[in-house]
Peer 1: 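Provided herewith is a single structure, encoded as C-alpha cells, for subsequent inquiry.
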Amino acid sequence: MRQRESTRKRLGILSLVVVAAVAVALLWPATASAKITLKEKIGDKEIKLQLYGFSQFEMRGGDGQSAQGGLFFKAQRIRVGFNYYHGPIAGKLFLDFNQSHTDDSGGLPKMIKDAFMAYKWSNSAFIRLGMIKTPLGMSFTVPGWNLDNAERNALDKGMVLERDFGLMLSGRLIGQPKDKAMKCDGTEMGAERQGYGWGYDIGVFNPAGRSSAVKWDKSILGDALAYVGRIHYDHGPALHIEAAYGISEQAGGPNTEDYSVYDIGIASEFDKWELKAEYINGHNILGIRDQDQNTISLTAGYMVADNVQALIKHQQSSADSPSKGTSDLGNTYLGINYYLSPIKYKARDLQRQKIVINYILASGDTDNWTGKWGYLDDGWIVQWQYKF
C-alpha cells in the first residue's frame with residue numbers, strides 16, 4: 001500500500017511537470033489589455049463607466065486535491081465588473097459567474113461579489129452602502145487577480161468575515177507628502193492603492209454569513225450584526241502595515257457565541273523582492289465556545305527574470321477544539337509565476353496575464369487535524385489567468 005501511494009505521488013509530480021511545460025508552450029503568445037473606460041460629459045460633470053474582468057482556469061492534481069489524486073480541470077474565478085463615477089458619487093457591481101446564483105448568504109446571491117454605492121467628501125472620508133469586502137485580512141483584501149499564489153488558502157481566508165452587506169466609512173492617504181498628491185476614487189477595499197499616509201475603515205454589517213467561520217441564519221437578522229474596524233499605514237510599495245478587529249454576533253445561530261477575529265499584516269516590495277507576513281486569530285468559530293484557530297502566513301517572492309517570479313508561501317495554523325483537542329497544520333506553496341506579455345514591467349501590471357504553477361506541501365498533524373480547512377496531503381495547481 002505504501003509503495004502504491006509513493007508511486008502515485010511520483011506520478012503526480014511528473015504529471016505536474018508535463019502539464020506545466022505544455023501550458024507554458026501553449027500560452028506563450030498571450031496578449032495583455034487594460035480596463036475599458038467610457039466617458040461622457042454632461043453639464044460640468046463627467047460621467048465615467050469602467051468595464052473590466054478576469055478569469056482563472058486551472059489544472060489540479062495530487063492527493064490533497066481529490067480522493068484519487070489524478071488530474072482534473074476547473075475554473076476558479078470568472079468575473080466581470082462595472083465601476084461608475086459621477087463627481088463625488090461612485091458605484092461598483094462585480095459579478096462572479098462561477099458562484100451560486102441562489103445562495104444569498106450575507107444578503108445577496110453569492111454571484112454578486114460587490115454591489116455598493118459610495119459618496120466621497122475627500123480622500124480622508126468616503127462612505128459606502130451595499131455588499132462589500134469587510135476590512136479585515138491583508139491578503140483577503142488583495143484583489144483575486146493580484147494574488148501571489150494560485151488561491152487563497154482557507155487556513156486564513158476561512159477566518160475573515162468575508163464580503164457582507166452593510167455601511168462603511170473609510171479614508172485613505174491621510175497625511176501623505178504634499179509632493180505625492182495622490183487621490184482615491186471611493187471604491188478602494190484594501191491595500192490595492194500603493195500610496196502614502198494613513199488609512200482607516202469602520203463598518204457595521206449583517207451577520208457575516210459568507211464567512212466560513214459564521215453560520216448564515218436569517219432568523220437573527222435585526223437581532224445580530226457584524227462590526228469591523230481597520231487602520232493601516234503606507235509608504236508606497238516599500239511598506240504597508242495594517243491591523244483589524246471584527247465581531248459577528250450569534251455566529252452559530254440564535255443565542256450562540258459571538259465570533260471575534262483580529263488580524264495584523266505587513267508587506268514590502270523593493271528591488272526584485274516581495275515580502276509579506278500576516279497573523280490572524282479567530283475565537284468561537286461557528287459560535288462554538290472556545291473553538292479557536294490562528295494562522296501565520298509568510299510569503300517571499302523574487303523576480304528571477306523580467307517576467308518570472310519564484311515564490312514560497314508558508315502558512316502555519318494552530319487549532320484548539322473543546323471536543324477534539326489541539327493540533328497544528330502547515331501548508332507550503334512552492335511556486336513560479338510566469339507573466340505573459342506585460343503592459344509595463346511593474347508589479348501590478350505584470351499580474352494581468354500570467355501562468356501560476358504551485359506545488360503544495362502539507363505538514364504537521366495531517367492525520368489528526370482538529371481545526372478547519374487546509375490541505376491534509378500534497379497537491380498541485382497550474383492556473384492560467386487573463387485580465388482586462
Side-chain angles (χ1 to χ4, degrees), residues 99-116 128-137 140-141 152-169 189 201-231 243-264 279-295 317-329 365 368-374:
Q99 293 285 333
S100 172
H101 292 37
T102 56
D103 184 339
D104 64 351
S105 298
L108 284 176
K110 279 190 173 181
M111 72 164 294
I112 302 176
K113 301 302 289 183
D114 302 308
F116 61 83
R128 288 168 283 187
L129 175 65
M131 179 66 73
I132 190 171
K133 281 186 176 181
T134 58
L136 188 147
F140 169 64
T141 52
R152 292 190 175 97
N153 191 313
L155 283 177
D156 60 354
K157 201 251 186 180
M159 286 186 284
V160 305
L161 295 180
E162 246 282 355
R163 287 172 164 88
D164 206 357
F165 205 117
L167 182 70
M168 187 160 73
L169 177 67
M189 288 186 280
D201 302 274
I202 305 170
V204 56
F205 305 87
N206 283 336
R210 291 192 181 185
S211 170
S212 297
V214 176
K215 179 182 177 182
W216 176 241
D217 188 333
K218 292 183 180 179
S219 69
I220 63 173
L221 285 175
D223 188 39
L225 291 167
Y227 306 90
V228 193
R230 172 178 60 190
I231 187 169
Y245 180 79
I247 294 175
S248 186
E249 297 175 328
Q250 301 183 59
N255 303 313
T256 57
E257 299 293 325
D258 297 345
Y259 171 65
S260 62
V261 56
Y262 67 88
D263 177 89
I264 301 170
Y279 176 79
I280 186 166
N281 187 302
H283 179 57
N284 296 336
I285 294 171
L286 293 174
I288 301 171
R289 182 186 294 272
D290 296 329
Q291 178 78 45
D292 302 337
Q293 192 164 318
N294 65 76
T295 298
S317 291
S318 296
D320 187 1
S321 168
S323 60
K324 299 178 181 179
T326 61
S327 60
D328 298 284
L329 179 68
D365 299 318
N368 57 346
W369 171 233
T370 60
K372 296 184 177 297
W373 318 298

Peer 1: To the nearest 0.5 Å, what is the distance between OG on S321 and CD on Q293?
Peer 2: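 The distance works out to 10.0 Å.
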Peer 1: Check side-chain contact (heavy atoms from CB on, under 4.5 Å) between N153 and all other residues, then give those that pass, not counting sequence neighbours.
Peer 2: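 For N153, the residues satisfying side-chain contact (heavy atoms from CB on, under 4.5 Å) (neighbours in sequence not counted) are L155, Q315, N331, Y333, Y375.
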Peer 1: Does the S260 side chain pair with the main chain of I247, one donor and one acceptor, at a distance under 3.5 Å?
Peer 2: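 No: the side chain of S260 does not pair with the backbone of I247.
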Peer 1: Minimum heavy-atom separation for Y259 and A251, please, with both atom names.
Peer 2: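 Closest approach of Y259 to A251, heavy atoms only: CB-CB, 3.4 Å.
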Peer 1: Identify the two heavy atoms, one from F140 and one from R152, that lie closest to each other, and give their separation to 0.1 Å.
Peer 2: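 Heavy atoms of F140 and R152 come nearest at O-NH2, 3.0 Å.
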Peer 1: What heavy-atom pair brings T256 and G287 nearest, and what distance separates the two atoms?
Peer 2: CB-O, 3.8 Å
Peer 1: Between S248 and A208 (side chain of the first, backbone of the second, donor and acceptor by atom type, cut-off under 3.5 Å), is there such a pair?
Peer 2: yes
Peer 1: Please check this pair: side chain of H101 against backbone of Q99, looking for a donor-acceptor N/O pair closer than 3.5 Å.
Peer 2: yes
Peer 1: Under 4.5 Å between any side-chain heavy atoms of L161 and V261, yes or no?
Peer 2: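 Sidechains of V261 and L161: in contact.
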Peer 1: With side chains defined as the heavy atoms from C-beta onward, is the minimum distance between F205 and T134 less than 4.5 Å?
Peer 2: yes
Peer 1: Restricting to side-chain contact (heavy atoms from CB on, under 4.5 Å), what partner residues turn up for P254, sequence neighbours left out?
Peer 2: D217, S219, I220, Q250
Peer 1: Do D328 and S318 have side-chain N/O donor and acceptor atoms under 3.5 Å apart?
Peer 2: yes
Peer 1: Checking R163 now: which residues fulfil salt bridge (charged side-chain N to carboxylate O under 4.0 Å, His left out) with it, not counting sequence neighbours?
Peer 2: D114
Peer 1: Taking NZ in K113 as the centre, count heavy atoms belonging to other residues, nucleotides or ligands within less than 6.0 Å. Is the count above 12?
Peer 2: yes
Peer 1: Going by side-chain contact (heavy atoms from CB on, under 4.5 Å), name the residues that satisfy it together with L221, two or more places apart in sequence or in a different chain.
Peer 2: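 For L221 the side-chain contact (heavy atoms from CB on, under 4.5 Å) partners, ignoring immediate neighbours, are N206, P207, W216, K218.
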Peer 1: Given side-chain contact (heavy atoms from CB on, under 4.5 Å), test M189 with M168 step by step and report yes or no.
Peer 2: CA-CA 10 Å; M189 288 186 280; M168 187 160 73; 5.6 Å; no
Peer 1: Looking at E162 and K133, is there a salt bridge between them, counting it only when a charged N and a carboxylate O are closer than 4.0 Å?
Peer 2: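 Salt bridge absent between K133 and E162.
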Peer 1: Hey, is the main chain of G325 close enough, under 3.5 Å, to the side chain of T370 for a donor-acceptor pair?
Peer 2: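 Pair found, side chain donor or acceptor close to backbone of G325.
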Peer 1: Can you see which heavy atom on M159 is nearest to which on A213, and at what distance?
Peer 2: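 What the structure gives for the nearest pair is CA-CB, 4.4 Å.
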Peer 1: Indicate the atoms forming the closest heavy-atom contact of A319 with G371, along with that distance.
Peer 2: CB-CA, 3.4 Å
Peer 1: Check side-chain contact (heavy atoms from CB on, under 4.5 Å) between A244 and all other residues, then give those that pass, not counting sequence neighbours.
Peer 2: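 In terms of side-chain contact (heavy atoms from CB on, under 4.5 Å), with neighbours along the sequence ignored, A244 is linked to L136, R230.
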Peer 1: Using only atom types and a distance under 3.5 Å, with no angle test, would you say the side chain of N284 pairs donor to acceptor with the backbone of D258?
Peer 2: yes
Peer 1: Which pair of heavy atoms, one from S105 and one from D103, lies closest together, and at what distance?
Peer 2: OG-OD1, 2.6 Å
Peer 1: Could you tell me which residues satisfy salt bridge (charged side-chain N to carboxylate O under 4.0 Å, His left out) with E249, sequence neighbours excluded, listed by chain and number?
Peer 2: none
